[in-house]
Structure formats: structure tokens, C-alpha cells
There are 2 protein chains.
Amino acid sequence: MRKQGSPSLQGEPSGEAFSRKPITARELARMLGVSQSAVSRAFTPGASIAADLRERILKYAAEVDYQPNAIASMLSKSRTNIIGIVVSDMQNPFYPGLIEKLSRSLQRIGLQSLLFNITKGSNLEEQLSALRRYNVDAVIVISATILSGSTLSWATEGRPAILINRVIEDTNLSCVACNNVEGARAIADHFHRQGARRVAYVAGLSHTTTNRERQSGFVTRIAELGMTLSVQIEGQEYSYHAGRKAALEIAAGKSTDAIFFANDILAIGGIDALKEEAGCRVPDDILVAGFDDIPMAGWPHYNLTTFRQPVDEIVRVVVEMIEGDTSALLRAATTIRLSGELIERRSTGAEPDAE
Amino acid sequence: MRKQGSPSLQGEPSGEAFSRKPITARELARMLGVSQSAVSRAFTPGASIAADLRERILKYAAEVDYQPNAIASMLSKSRTNIIGIVVSDMQNPFYPGLIEKLSRSLQRIGLQSLLFNITKGSNLEEQLSALRRYNVDAVIVISATILSGSTLSWATEGRPAILINRVIEDTNLSCVACNNVEGARAIADHFHRQGARRVAYVAGLSHTTTNRERQSGFVTRIAELGMTLSVQIEGQEYSYHAGRKAALEIAAGKSTDAIFFANDILAIGGIDALKEEAGCRVPDDILVAGFDDIPMAGWPHYNLTTFRQPVDEIVRVVVEMIEGDTSALLRAATTIRLSGELIERRSTGAEPDAE
DNA sequence: CGCCTTGTTGCATACGGATGCAAATTGGAA
DNA sequence: TTCCAATTTGCATCCGTATGCAACAAGGCG
């Protein structure tokens with residue numbers, strides 16, 4: 001242990017002053033002639049301490065700019081007040097908004113967000129081992145992909161974990177997701193109302209649960225309505241370029257009245273390809289719909305009909321799960337489905353309400 | 001302190017098994033018949049320990065799934081290996097990409113990112129006090145606005161702080177920024193080459209350094225080239241809607257050949273307004289340029305000429321500053337300017353190279 | 001007026017790992 | 001063979017806060 005040098009008179013040439021160590025509870029206590037416990041209690045709501053003592057301590061603490069050291073507090077309590085947020089794709093504009101709202105809501109109840117950016121290439125286990133070492137109070141996973149359920153179980157072992165927009169049954173992981181089947185069916189119904197009969201589906205990452213649910217919901221409803229599935233394109237990723245490529249394939253193939261892209265960023269890439277490269281008009285020649293309702297979907301050039309994910313509600317539910325008895329989450333993984341909302345815009349020929 | 005119950009034979013009804021506490025270095029040491037120091041040293045690169053002992057410990061640790069507790073380590077060392085990232089605007093698509101690259105690079109050298117999402121409305125001091133309590137090793141500020149230099153100095157007191165895309169002189173804060181003046185001048189030159197003579201500037205948040213530099217760089221160069229500044233619009237924010245609004249104002253006013261928007265998201269809002277609402281053609285009737293080179297700038301509908309910020313280099317420099325002797329950053333705040341690159345696209349009538 | 005209850009306060013120690021220092025071991029040189 | 005230096009190892013203590021427990025004070029009641 002490096003001993004803090006006693007304040008020598010033959011002082012350092014100055015300059016050292018601003019990086020001095022922060023004051024500790026013990027020091028503060030000594031200055032006030034009370035015990036360190038008293039200081040700790042003053043900062044602990046509900047602790048057994050007289051009101052006037054607490055006030056005196058807090059006042060003096062403010063004067064000398066004392067704040068309890070969070071690290072030390074983490075060590076002695078079990079809680080860190082840190083939530084691990086596992087992310088793998090911030091390129092999809094849907095996620096930044098979600099992450100922002102999430103971290104704000106968490107902050108509001110005193111929780112900080114520790115970001116774990118998972119990359120496809122490298123060693124996942126190594127990347128996630130930090131998640132375990134940091135003793136986060138809970139883990140929120142916003143990665144639709146990449147991590148297998150078993151990897152996640154390992155990484156979050158012993159602490160509550162909530163997946164957003166991904167559902168894994170029979171693990172100890174809780175899930176909060178949009179009702180993708182409902183959304184996909186709503187899109188199918190809407191296509192039908194708009195007169196489409198031959199429709200196509202463009203997948204995002206094929207093996208993700210979001211994709212599978214949207215796909216099966218759509219395809220099933222299409223059949224129920226007596227519509228034809230003209231093309232179905234498998235996907236490697238949820239991206240602008242993937243959407244573009246898929247749209248060109250569809251435009252080159254058999255006639256199609258409407259395309260449902262697995263999410264908005266795909267759909268936007270698709271619209272651009274259709275308009276700029278394939279020479280199609282949207283919605284005159286072909287209808288297009290997406291899923292999520294990212295900001296760009298509302299831009300006039302796209303005006304994309306989509307199924308809006310209930311982001312605020314997702315955030316609310318996740319935060320409630322964490323705020324509530326987290327140990328309950330450990331006993332019994334919960335899966336919650338939230339309803340979204342069909343947003344009809346011009347890309348499917350709807351006349352959007354003034355927004 | 002809650003004592004860890006001795007493993008009673010009359011066990012809990014099961015169920016408790018999966019949430020048992022992780023093993024500690026002391027326990028591991030006892031099992032191996034070595035001291036806790038040995039375990040600690042085995043995990044400390046360069047520590048004084050025999051190679052075979054280290055190997056034996058690491059091997060056994062892997063077997064019983066032991067990992068050093070990061071919190072405890074933070075308390076005894078001075079380092080937390082956590083970098084605070086202060087963000088205030090994730091809506092601007094420029095930032096998610098930056099944040100993602102930054103956090104990845106930090107992770108690569110063993111640093112985690114703790115997110116501090118600063119909201120305009122509420123009590124900043126309170127929001128930032130967490131930044132101090134968590135003892136982060138350094139702070140990276142990606143907020144072009146909101147926080148005053150003095151607030152930041154207070155919040156980061158005693159630890160290295162680096163502002164990205166914002167320059168504050170005469171504080172203890174280091175800065176890494178794009179050369180905004182160079183970029184703005186490049187845009188002015190480009191406008192001139194493309195034949196524009198009456199040009200407009202649309203500000204983002206007026207009082208931010210990025211805005212001031214881009215504005216003065218542009219306006220100065222305009223004058224040097226003998227061009228006229230037809231309009232100059234002050235701004236409240238860097239957003240799609242602000243860009244839209246500004247474009248409409250300009251379209252309604254005196255004739256203008258070209259508009260330089262303070263960043264891409266403004267420009268994109270501007271293009272939409274010009275095309276869809278004002279009935280102007282871009283670039284036929286008016287040229288448009290932005291700044292940043294966000295992904296949407298490359299989308300065919302916008303095809304926006306812009307000045308690309310050297311994101312990778314910014315990240316590299318910031319990480320190097322942190323990786324290097326951080327204490328040096330405390331003694332002498334450094335300001336680094338990086339060069340960007342003019343990306344000529346169709347919004348100014350340029351024929352883009354095939355990308 | 002004495003005893004018990006309720007409320008405060010301090011003491012001691014725990015949390016889990018890092019590290020200065022001394023003790024122990026080994027190897028090599030004289 | 002003897003002694004010193006280099007390397008390893010363990011002991012003890014520290015990091016800064018939280019909290020069980022005991023001591024202590026004040027107030028109420030019989």
C-alpha cells in the first residue's frame with residue numbers, strides 16, 4: 001500500500017494540489033468527533049441515527065465535498081447499483097433510442113449502465129467474463145443474436161438477466177419482447193386491405209426469434225387471407241444493405257404486390273433500391289412495410305408503414321422487473337409480451353394522419 | 001455482515017444451489033494449500049511468483065470457475081478499469097457509431113464503459129455526482145453541449161477527462177476534435193467550384209464549439225472567395241426537424257444557391273423539406289452539404305456531400321491518451337485536431353465515385 | 001425513585017484482493 | 001563446504017464502507 005505522504009512543508013512545486021485523494025468517511029468522522037459508523041449511517045436512508053446528527057454530518061460533508069466511495073460500498077454491500085447492458089448492434093437505429101431510454105430510466109432510480117459491446121468475431125467467453133467479474137446487479141441483453149442461450153446463462157449465472165426482443169424458453173433468462181406475431185399479422189391484414197395479393201417476406205437474421213416470429217406470423221396470416229407468398233428471402237443481417245439487396249432480388253423476380261421487411265432498416269434499404277435502382281414506385285407499383293418504427297420511417301421520402309414497437313413500455317417493464325424483487329427473477333424466469341401498434345403511412349398507400 | 005451459512009445437511013429445499021456465492025481467492029488458496037497472496041499473484045501479470053505455481057493455480061481456478069472479484073480489486077488498487085462515458089444526444093446518428101467503436105476499443109484493452117446519459121432538464125450536478133463516486137479511471141465526454149466547462153471540471157476533478165468534438169481552452173480538460181474550420185472551408189471551396197455564389201449557413205446549437213468553428217470557418221472562406229452569405233440561421237439543436245425548419249425558412253427567403261448545414265442530420269432534414277415541401281430540386285435548384293458523414297448521408301435519396309469526421313482516428317487517439325500515462329493528461333490538458341475528408345456526392349452536383 | 005423500553009452511538013469486523021516486508025528456499029560462487 | 005544473492009512464498013495490513021452487537025442515554029411507568 002502506498003502511504004499517503006504526510007503534508008510536507010517543503011511542498012511539491014505546487015501542481016499536486018488538484019489531484020489529491022478524496023476525503024474518506026473516517027477522516028470526516030474524526031473532524032467531527034463522531035464515529036465512522038455515524039457518517040455511514042448519515043448517508044444510509046432509514047439507518048438508526050438521530051436527525052440532528054445526520055443533519056450535522058451531511059452539512060459538513062457538503063462543505064468538505066465528501067461523497068461515499070461507491071466502490072467500497074459495493075464491496076461491503078452485495079449491490080453494485082450497476083446494470084450490465086449487453087449490446088451487439090448499435091448500427092440499427094432502433095437500438096440507440098432504446099439504450100438511451102433504458103439508461104435514463106435506470107439512472108433515475110440510481111442505477112448506472114455498464115456497456116458490454118459484443119463483437120461477432122472474437123472470443124465471446126472472454127468478452128463476457130468481465131460481465132461476471134464486475135458483479136453487476138442484473139444484466140440486460142439487447143442483442144438479437146450472436147449469443148447462444150447457454151453462453152448467456154453462463155455469463156449471467158447467479159444474477160437476474162433480461163433479454164429484450166429475444167425469447168429463449170427453458171432457461172433462467174427472462175424476456176421482454178414485442179408481440180411479433182401480432183405485428184406481422186397486422187401487416188398482413190393491412191396489405192390485404194390495401195389490395196395486395198402477391199406478397200413477399202424479407203428476413204433479417206433468419207435464426208433470430210424476432211425474425212422467426214414475424215416470418216411465421218406473416219406467412220400464416222397470408223395463407224389465412226388467401227394471399228400468395230411470391231418470394232421469401234432469407235437474410236444474414238438486419239441492415240440497410242441487406243434490405244437493398246433483397247429488394248433487387250424481388251424486383252427482378254415474379255411480380256409482387258407488397259413486401260414485408262423484417263424490420264425498418266431493411267425496409268428503408270429496400271425502398272431506396274426499389275425507387276432508385278429498380279425504377280419501381282412505392283406505393284404505386286409495390287407496397288412496402290417494416291417493423292419497429294425507427295425515426296427514419298417517418299421521414300417523408302420513406303413514409304414507411306410499420307409496426308411500432310412499444311419502446312417506452314418495454315423500458316418501463318424491464319426497469320420494473322429490475323427494481324422489483326430481482327431475486328424473484330432468479331427463481332422463475334418470466335416472459336412478457338407487449339403489444340405494438342400498426343402505423344399506416346404512405347409506403348402502403350395509406351394516407352397518414354397529420355403528425 | 002451476514003455470515004455465510006455453513007453447508008447444512010438439512011439442506012434448503014434445493015433451488016438455492018444456482019445462486020451460491022462465487023468462490024473467493026482465500027477459499028481457492030486453502031483448497032490448494034497456498035496463501036491467498038499466491039492466488040492474487042497468479043492473476044497479476046509480472047508478479048513475483050514461480051511459473052509452475054502460477055500454472056497450478058490458474059489451472060485449478062479454471063476448474064472451479066474462480067475469477068478475481070473486480071470490485072475488491074478496484075478497492076485495493078487505485079484503478080477501476082472503468083471509463084465514464086458522458087453522453088447527451090444519442091439521437092444524432094453520428095454518436096451511436098462513435099460510442100460503439102469507442103467502447104469496443106476500450107474493451108480490447110480491458111476497460112469497460114460506464115454510460116452517463118445526461119438529460120437537459122434535471123439537476124446536472126446530481127446526475128454527475130455518480131461520475132465522481134464511481135471512481136472511474138477517466139472520463140470521455142461526447143456531449144457537444146449542455147455541460148459547462150466548470151461543471152465538467154468539477155465532475156471530473158482529479159481524473160483525466162477528454163472531450164470529443166468540443167474544445168474548451170484553459171481548463172484541465174483535454175480535447176480531441178475534428179478540424180472544423182478546415183472542413184467548413186473545404187465545403188465553401190467546393191460550393192465555389194460548383195458555381196454557387198449566394199450561400200446560406202444553418203447552425204446547429206449556436207453556442208457549441210463545433211458550430212462556432214464551422215460557422216466562422218465557412219463564413220470567413222465565403223468572404224475570401226467573394227461569395228455572398230444570403231442567410232444565416234441560428235439553431236437550437238442538431239436535429240432532423242431543426243434542419244427541416246431552417247430549410248423552409250431559406251426557401252421562403254431571398255434566392256440562395258447552396259446551403260451548408262452544420263451537420264448531416266440537419267442537412268438531411270433540410271433536403272427532405274426542400275424536396276418534399278418547398279418543391280426545390282437538389283442539386284438542380286440548390287446545393288446542399290453537411291458535416292460528419294453519417295450512414296444516411298450515403299443513401300441514394302440524399303447522396304449528401306459532406307465533410308467526413310475521422311471517427312476511427314478520433315477513437316484511436318482518445319484510447320491512446322487513456323492508455324498512455326493518464327496522469328500526464330492531468331498535468332497538462334492536450335488539445336488534438338484531426339483532419340477530415342471532403343466527400344463529394346450528388347447533393348452538390350458532384351458525380352460520386354463508385355463506392 | 002428504580003426498572004424497563006426505545007432510541008443512539010461506537011466498536012469491531014467483514015467484504016475480497018493487493019502488496020510491503022520478512023522469512024524461507026535455492027543456486028551459485030569462492 | 002560456506003556464504004551471499006536472487007527468487008519465492010507467506011504474513012499482516014490496507015483499501016473505504018456497512019452493519020451486528022453491545023454499551024449507553026433518555027424517557028415512561030409503576
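Convention: sequence-line order gives letters A, B, ...; per-chain numbering from 1.
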Does B:Glu100 have any side-chain hydrogen bond (donor to acceptor under 3.5 Å, both in side chains) partners at least two apart in sequence or in another chain, and if so, which?
A:Gln91, B:Arg104

When you measure from the side chain of A:Arg166 to the backbone N and O of A:Ile142, does any donor-acceptor pair fall under 3.5 Å?
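No, A:Arg166 side chain to A:Ile142 backbone: no donor-acceptor pair under 3.5 Å.
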
Return yes if some donor-acceptor pair links the side-chain N/O of A:Arg79 with the main-chain N/O of A:Ser73 below 3.5 Å, else return no.
no

Please list, pair by pair, any protein nitrogen or oxygen found under 3.5 Å from a nitrogen or oxygen in nucleotides 22-27 of chain D.
none

Would you kindly give the [atom1]-to-[atom2] distance between [X] and [N], to the nearest whole Å?
X	N	atom1	atom2	result
B:Leu32	D:dT9	CG	P	13 Å
A:Arg30	D:dT17	CZ	C1'	16 Å
B:Arg132	D:dG16	CZ	P	15 Å
B:Leu75	C:dC15	CG	C1'	9 Å
A:Arg133	C:dC15	CZ	P	22 Å
A:Arg79	D:dT19	CZ	P	12 Å
B:Gln36	D:dC14	CD	C1'	12 Å
A:Leu28	D:dG16	CG	C1'	13 Å

Quick one: pull up CD1 in B:Ile85 and CG in B:Leu131 and give me the separation to the nearest 0.5 Å.
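So the CD1 of B:Ile85 and the CG of B:Leu131 are separated by 11.0 Å.
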
Any carboxylate oxygen within less than 4.0 angstrom of a Lys/Arg side-chain nitrogen, looking at A:Glu313 and A:Arg316?
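A salt bridge links A:Glu313 with A:Arg316.
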
Are A:Asp52 and A:Lys59 ion-paired here, with the side-chain N under 4.0 Å from a carboxylate O?
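Answer for the salt bridge query: no.
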
Do you see a donor-acceptor pair shorter than 3.5 Å between the side chains of [X] and [Y]?
X	Y	answer
B:Asn117	B:Ser88	no
A:Thr24	A:Asn69	no
B:Asp137	B:Thr80	yes

Which nucleotide sits closest to the side chain of A:Lys21: D:dG16, D:dA18, C:dG17?
D:dG16

How bent is the helix from C:dC1-D:dG30 to C:dA30-D:dT1, measuring the angle between the end axes built from five pairs each, rounded to 10°?
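Both end axes considered, the difference amounts to 50°.
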
Taking side-chain contact (heavy atoms from CB on, under 4.5 Å) as the definition, give me every residue that meets it alongside A:Thr334, ordered by chain and number, with sequence neighbours left out.
A:Ser174, A:Met321, A:Leu329, A:Ile336

Hey, can you pull the residues of residues 39-69 of chain B with a non-hydrogen atom under 4.0 angstrom from DNA chain C?
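Heavy-atom cutoff 4.0 Å gives B:Ser40, B:Arg41, B:Tyr66, B:Pro68, B:Asn69.
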
Quick check: any donor-acceptor pair below 3.5 Å linking the side-chain of [X] to the base of [N]?
X	N	result
A:Ser76	D:dT17	yes
A:Thr24	D:dC15	no
B:Ser78	D:dC15	no

What pairs meet the ring pair (Phe, Tyr, Trp, His ring centres under 6.0 Å) rule with one or both residues in residues 33-52 of chain B, with sequence neighbours excluded?
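Ring pair (Phe, Tyr, Trp, His ring centres under 6.0 Å) check on residues 33-52 of chain B returns B:Phe43-B:Tyr66.
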
What do you reckon, is CD of B:Glu320 surrounded by more than 12 foreign heavy atoms closer than 6.0 Å?
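Yes, because the 6.0 Å sphere around CD of B:Glu320 holds more than 12 heavy atoms from other groups.
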
Short side-chain N/O contact to C:dA18 OP1/OP2 from B:Ser73, under 4.0 Å:
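Yes.
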
Taking the nucleotide of DNA chain C with the closest heavy atom to each, which residue, A:Val34 or A:Arg26, is nearer the 5' end?
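Nearest nucleotide further toward 5': that of A:Val34.
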
